[in-house]
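Since this is a predicted model, take the numbers as computed values, not measurements.
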Amino acid sequence: MFANFFSKRAKYPRFKSKRKSRASAFTFRDDWLKLAKMAGPLDIVGWCDHPTVKPLAATDAVVGIDVGLDHLLALSTGEKIVNPRHERLDRAHLTTAQRHCARKEKGSANRITDRRRDGLYKLTTRLVRENETLVIEDLTVRNMVRNRKLARAVSDAAWAEFRSLLATVGASPH
């Protein structure tokens, strides 16, 4: 990697992220989709236009959300949602898997992140469907992660991702 740089045949190598790719496998515009290596575009029929899709019934329910480490969420209704602690459960397995992964091809699936995201998707979808207004506690997660004793637990709880998914699913966090 650095051989060409040190022999003055090339510039300093640039970091290429596996998550931010410059090449796209598809292009989506208006009502058509063009996939890579296909001759022509595909026509898309949106779900919003589909006759069987109906909007959810409006509710007057309001819920306050308090994030925490013992319980992932404590709702103002009294319900407490358990923190699954995916990272803590898989820590021993993760160390050996990282050693194996270091010798393997790049781009394999990150299973802890996928499980965490799947649980958060299901939780945020349920909260948005059941409640009209969601009020969430505003925390400075950046400062909490600096605490060495809390950093791993706070990161494993994925509060920031919960807030962003809540906004994506249809509620605006306040």
Side-chain angles (χ1 to χ4, degrees), residues 1-3 5-6 10-26 56 58-174:
M1 183 177 196
F2 285 94
F5 170 71
F6 287 122
K11 294 180 183 177
Y12 190 82
R14 289 186 299 159
F15 173 74
K16 296 181 183 113
S17 172
K18 69 179 182 181
R19 287 173 179 74
K20 294 180 183 175
S21 174
R22 288 174 291 188
S24 178
F26 66 91
L56 293 173
T59 62
D60 295 339
V62 177
V63 69
I65 301 170
D66 181 27
V67 294
L69 294 177
D70 290 334
H71 297 283
L72 182 64
L73 303 176
L75 305 179
S76 60
T77 58
E79 181 183 358
K80 292 184 178 181
I81 296 165
V82 178
N83 187 356
R85 294 188 172 105
H86 295 295
E87 190 271 338
R88 182 183 287 181
L89 293 172
D90 290 343
R91 190 176 303 156
H93 175 69
L94 187 61
T95 55
T96 56
Q98 283 176 335
R99 272 190 238 115
H100 292 292
C101 187
R103 294 186 292 265
K104 293 187 178 183
E105 184 178 340
K106 303 294 181 199
S108 61
N110 186 344
R111 287 182 173 80
I112 291 177
T113 304
D114 289 344
R115 284 183 13 215
R116 182 184 295 137
R117 189 174 296 134
D118 179 58
L120 290 176
Y121 267 125
K122 290 174 182 175
L123 180 61
T124 53
T125 303
R126 192 195 87 183
L127 289 172
V128 168
R129 284 185 178 168
E130 291 176 358
N131 302 288
E132 182 69 26
T133 306
L134 297 168
V135 182
I136 187 166
E137 176 183 20
D138 190 20
L139 293 174
T140 53
V141 178
R142 188 181 317 126
N143 293 339
M144 294 177 79
V145 172
R146 290 181 185 158
N147 182 340
R148 292 178 63 208
K149 293 185 179 186
L150 291 177
R152 184 177 279 161
V154 169
S155 298
D156 191 27
W159 295 333
E161 188 169 3
F162 172 73
R163 288 179 68 94
S164 66
L165 284 176
L166 207 55
T168 307
V169 171
S172 59
H174 297 289

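For Lys122 and Asp118, the salt-bridge test passes: some basic side-chain N is under 4.0 Å from an acidic carboxylate O.
Under the side chain to side chain contact (heavy atoms under 4.5 Å, CB included) rule, Arg163 has a single partner from Thr168, Thr124, Asp138, which is Asp138.
Taking Thr59 as the reference, Ala61, Glu132 meet the side-chain contact (heavy atoms from CB on, under 4.5 Å) condition, with sequence neighbours excluded.
The line from OH of Tyr121 to OG1 of Thr125 is 8.5 Å long, rounded to the nearest 0.5 Å. One finds the CG atom of Leu134 at 5.0 Å from the CG atom of Leu166 (value rounded to the nearest 0.5 Å). Rounding to the nearest 0.5 angstrom, the gap separating the CD atom in Glu161 from the CG atom in Leu165 is 5.0 Å.
Residues Lys149 and Asn147 approach most closely at N-OD1, 3.0 Å, considering heavy atoms. In terms of heavy-atom proximity, Lys11 sits nearest to Phe5 at C-CD1, 3.6 Å.
The number of heavy-atom neighbours closer than 6.0 Å to CG of Asp60, taken from other residues, nucleotides and ligands shown, is 12 or below. No more than 12 heavy atoms of other residues, nucleotides or ligands sit less than 6.0 Å from atom CZ of Arg129.
No side-chain donor-acceptor contact under 3.5 Å links Ser155 to the backbone of Arg152. Looking at Arg85, its side chain never comes within 3.5 Å of a backbone N or O of Asp156 through a donor-acceptor pair.
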For residues 62-77, run the donor-acceptor check on the side chains, cut-off 3.5 Å, and write out each pair with its distance to 0.1 Å, sequence neighbours left out.
residue : atom : partner : partner atom : Å
Ser76   : OG   : Gly64   : N            : 2.8

